[in-house]
Amino acid sequence: MKTLYIIFTVSMFAWFLSEFLYKNILKSNEKDKKGKDKSTLNILWIAIPGSVALAVTASYITKFPITQENWIYYLGEAFILIGIIVRLIIIRSLGKYFTVDVTIKQDHKMKKEGFYRYMRHPSYTFSLLTSLGLGLYLNNWLSLILAFIPPFIAFSYRIKIEEKALIEQFGDEYLEYRRKTKKLIPFVY
């Protein structure tokens with residue numbers, strides 16, 4: 001379990017470092033259509049670190065175990081790692097079209113292949129998987145709720161704002177794409 005704790009600590013550091021770098025490197029630029037974000041980036045930067053802090057604190061001050069078995073820690077850590085790694089892959093696949101703020105690039109093109117063939121917001125899906133993994137790793141029902149629900153609410157709001165911007169930009173093409181795909185979970189939601 002000590003090795004797992006070290007992996008958990010390193011993965012949490014990697015998660016925060018990657019998100020910090022995304023926030024500071026992958027912003028929109030002067031040529032982009034800005035003003036669409038409606039503070040969703042700020043809301044996410046409050047919701048996610050806040051939920052992590054609350055979930056970890058809850059795990060120290062309350063005892064509501066999900067299970068007495070050790071597999072929960074491994075499952076939680078697997079979700080954390082999968083979430084971080086696949087999110088990075090998705091961000092890289094979007095290339096210059098990925099920005100941390102809701103923005104339409106001057107030559108913006110819709111991506112409909114890869115993960116985007118099955119869900120409209122895979123980057124958010126895997127960020128939420130990381131949050132879910134944290135809640136599972138902490139093995140506390142209250143921590144699980146605190147780790148997952150605030151980011152889910154924040155991403156839900158952001159999806160609403162982002163999809164409005166995408167409909168304005170792409171019109172019927174985006175509406176048709178939206179009709180054929182799910183938001184976050186392929187074939188389900």
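This is a predicted model, so every value here is computed, not measured.
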Looking at every heavy atom in both [X] and [Y], which two are closest together, and how far apart are they?
{"X": "I145", "Y": "P150", "value": "O-CD, 3.7 Å"}
{"X": "G76", "Y": "L136", "value": "CA-CB, 3.8 Å"}
{"X": "R120", "Y": "Y174", "value": "CD-OH, 3.5 Å"}
{"X": "Y74", "Y": "M1", "value": "OH-SD, 4.1 Å"}
{"X": "I90", "Y": "F126", "value": "CD1-CD1, 3.5 Å"}
{"X": "R158", "Y": "L41", "value": "NH1-N, 3.5 Å"}

Closer than 3.5 angstrom, by distance alone: can the side chain of [X] be matched with the main-chain N or O of [Y] as a donor-acceptor pair?
{"X": "T103", "Y": "D101", "value": "yes"}
{"X": "S143", "Y": "V56", "value": "no"}
{"X": "Y157", "Y": "L44", "value": "no"}
{"X": "S127", "Y": "S123", "value": "no"}

Derivation and outcome, salt bridge (charged side-chain N to carboxylate O under 4.0 Å, His left out), residues E168 and K36: CA-CA 11 Å; E168 286 174 14; K36 305 280 184 192; 2.6 Å; yes
Candidate pair R178 and E176, rule salt bridge (charged side-chain N to carboxylate O under 4.0 Å, His left out), full reasoning: CA-CA 5 Å; R178 188 169 77 170; E176 178 65 16; over 6 Å; no
Check against salt bridge (charged side-chain N to carboxylate O under 4.0 Å, His left out), E173 and K112: CA-CA 11 Å; E173 181 184 6; K112 300 178 192 174; 3.1 Å; yes
F13 reachable from F16 in the ILVMFWY side-chain graph, under 4.5 Å edges: yes
Using a 4.5 Å cut-off on heavy atoms from C-beta on, say whether the side chain of [Y] contacts that of [X].
{"X": "R87", "Y": "Y22", "result": "yes"}
{"X": "M12", "Y": "L134", "result": "yes"}
{"X": "W15", "Y": "I48", "result": "yes"}
{"X": "E77", "Y": "L4", "result": "yes"}

W141 CH2: over 12 foreign heavy atoms closer than 6.0 Å: no
Within 6.0 Å of CG in D172, more than 12 heavy atoms from elsewhere: no
Residues in ring-ring contact (aromatic ring centres under 6.0 Å, His included) contact with F148, at least two apart in sequence or another chain: F152
ring-ring contact (aromatic ring centres under 6.0 Å, His included) partners for Y116, two or more places apart: none
S59 and N139: CA distance, side-chain angles, deciding distance, side-chain hydrogen bond (donor to acceptor under 3.5 Å, both in side chains) verdict: CA-CA 8 Å; S59 75; N139 192 18; over 6 Å; no
